[in-house]
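What follows is a single structure, written as structure tokens, with notes after it.
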Amino acid sequence: MDDGTNIAKEYCEESKLPEYHVSKIPGFDDFNSGELGLWYYSPRIMPHRFADVKSRPGWVRLRGQEARTSLNKTSILARKLTSVYAQITTKMDFTPEVHQHSAGLILYYDNMNYINLRKYYSETLGQSAISVIQLENGEKTEFVNTRIPVDDVPIYFRLVIEGRHSQFYWSYDGENYEKIGIPFDTTKFSDEYCKYGEFTGTMVGITCADRVKHKHYADFDFFEYIADESKNVE
């Protein structure tokens with residue numbers, strides 16, 4: 001304290017330090033700056049351990065690592081969800097070779113609670129496919145009825161959060177989107193519902209996994225986050 005003590009005061013004078021302007025986090029990141037934004041988070045390890053914006057200029061390359069349930073090394077690049085009225089979109093270029101390769105868009109609370117729209121190699125179909133997978137307090141649900149065979153070309157993934165409902169979409173052209181899966185309950189992404197109590201807060205992001213060699217990668221052209229923080233929560 002200014003008076004040389006560490007005793008809490010009932011009243012303190014306003015600071016005379018000059019104001020410092022904090023840059024606003026951009027809603028659209030095209031990864032063209034050559035540096036990864038400081039607003040991105042990843043569980044337990046620093047993003048630069050698996051995220052690279054130099055190998056393919058204008059894209060971020062995520063090197064796949066362990067399963068998203070892992071408490072060790074996972075490749076999830078995410079930012080905080082600041083409103084339950086938001087739209088998140090990305091464009092991904094990814095060709096899985098085996099079933100253990102997957103990448104996509106994720107709504108994430110912790111390693112025991114997330115929903116992932118992913119592209120992966122389907123052994124049943126014998127080709128690449130997309131589907132939705134959910135982990136709810138450690139219980140895994142793979143929505144087989146959402147499985148759609150897709151070409152190995154760039155693909156768009158979108159998540160729309162409207163209060164209590166969160167819905168995934170996908171598209172080839174970034175203009176015409178189709179729903180995939182059911183609306184999920186956004187309220188389950190909370191400290192009160194999640195049993196394991198990691199207190200991470202809810203995040204949205206992109207992710208890649210290579211559960212074999214930790215080498216296969218996915219490229220993402222942009223990450224767009226549009227949120228209405230003025231809207232009342234109902």
Side-chain angles (χ1 to χ4, degrees), residues 41-44 62 64-78 80-81 84 86-90 92 94 96-150 155-171 177-212 216 218:
Y41 297 80
S42 61
R44 290 167 291 281
L62 301 191
Q65 299 185 96
E66 298 173 10
R68 296 162 189 92
T69 55
S70 171
L71 289 172
N72 191 18
K73 297 177 181 178
T74 59
S75 298
I76 299 174
L77 190 67
K80 293 181 179 179
L81 182 68
V84 290
Q87 177 178 282
I88 303 93
T89 310
T90 191
M92 180 181 74
F94 175 62
E97 296 175 350
V98 294
H99 180 69
Q100 291 86 351
H101 293 165
S102 65
L105 186 63
I106 193 168
L107 176 61
Y108 183 86
Y109 183 87
D110 59 25
N111 68 305
M112 292 287 107
N113 294 274
Y114 62 77
I115 310 170
N116 181 203
L117 171 56
R118 61 184 184 138
K119 182 180 179 182
Y120 69 106
Y121 183 82
S122 168
E123 293 180 336
T124 303
L125 299 177
Q127 69 162 93
S128 295
I130 60 174
S131 73
V132 178
I133 190 168
Q134 178 188 32
L135 206 68
E136 185 176 331
N137 282 324
E139 294 187 15
K140 179 181 176 181
T141 303
E142 187 168 357
F143 295 90
V144 180
N145 62 334
T146 66
R147 183 175 57 203
I148 301 171
V150 293
I155 192 170
Y156 294 79
F157 284 164
R158 174 171 287 174
L159 171 63
V160 177
I161 302 174
E162 286 284 340
R164 295 176 177 269
H165 299 105
S166 297
Q167 178 71 58
F168 283 101
Y169 298 81
W170 75 281
S171 170
Y177 283 86
E178 296 182 22
K179 284 184 180 181
I180 180 168
I182 60 173
F184 290 94
D185 186 354
T186 316
T187 66
K188 292 183 177 181
F189 286 79
S190 65
D191 297 341
E192 292 77 15
Y193 185 80
C194 298
K195 293 179 180 179
Y196 297 90
E198 292 191 17
F199 303 106
T200 59
T202 307
M203 299 191 183
V204 288
I206 50 181
T207 178
C208 181
D210 174 2
R211 307 195 311 271
V212 183
H216 205 61

**Complete:** side chain to side chain donor-acceptor pair (under 3.5 Å) filter on Tyr41, not counting sequence neighbours, yields Lys80
Contacts table for residues 139-146: side-chain donor-acceptor under 3.5 angstrom, sequence neighbours left out:
from	atom 1	to	atom 2	distance (Å)
Glu142	OE2	Arg118	NH2	2.5
Thr146	OG1	Val132	N	3.1
Thr146	OG1	Phe143	O	2.5

Less than 4.5 Å apart, any side-chain heavy atom of [X] and any of [Y]?
X	Y	result
Asn111	Pro43	no
Leu107	Ile161	yes
Trp170	Ile155	yes
Lys188	Tyr109	no
Asn116	Arg68	yes

Does [X] reach the main-chain N or O of [Y] with its side chain, forming a donor-acceptor pair under 3.5 Å?
X	Y	result
Asn113	Asn137	yes
Thr207	Ser75	yes
Asp210	Gly64	no
Gln127	Val150	yes
Lys119	Phe94	yes
Gln167	Gly181	yes

**Message:** Which residue is it: Cys208, Ser102, Ser128? I am looking for the one with a side-chain contact (heavy atoms from CB on, under 4.5 Å) to Pro96.
**Reply:** Ser128
**Complete:** From the list Ile182, Ile88, Leu117, side-chain contact (heavy atoms from CB on, under 4.5 Å) with Phe168 holds only for Leu117
**Fill in**
Closest non-hydrogen atoms of Arg147 and Tyr120, given as atom of the first, atom of the second and distance, are CD-OH, 3.2 Å
**Request:** Please report the closest heavy-atom contact between Ser166 and Leu159, naming both atoms and the distance.
**Result:** CB-CD1, 4.1 Å
**Message:** Please verify the inter-ring angle class for Tyr108 with Tyr114; under 30° counts as parallel, over 60° as perpendicular, anything in between as tilted.
**Reply:** parallel
**Request:** For the residue pair Ser70 and Asn72, confirm or rule out a side-chain donor-acceptor distance under 3.5 Å.
**Result:** no
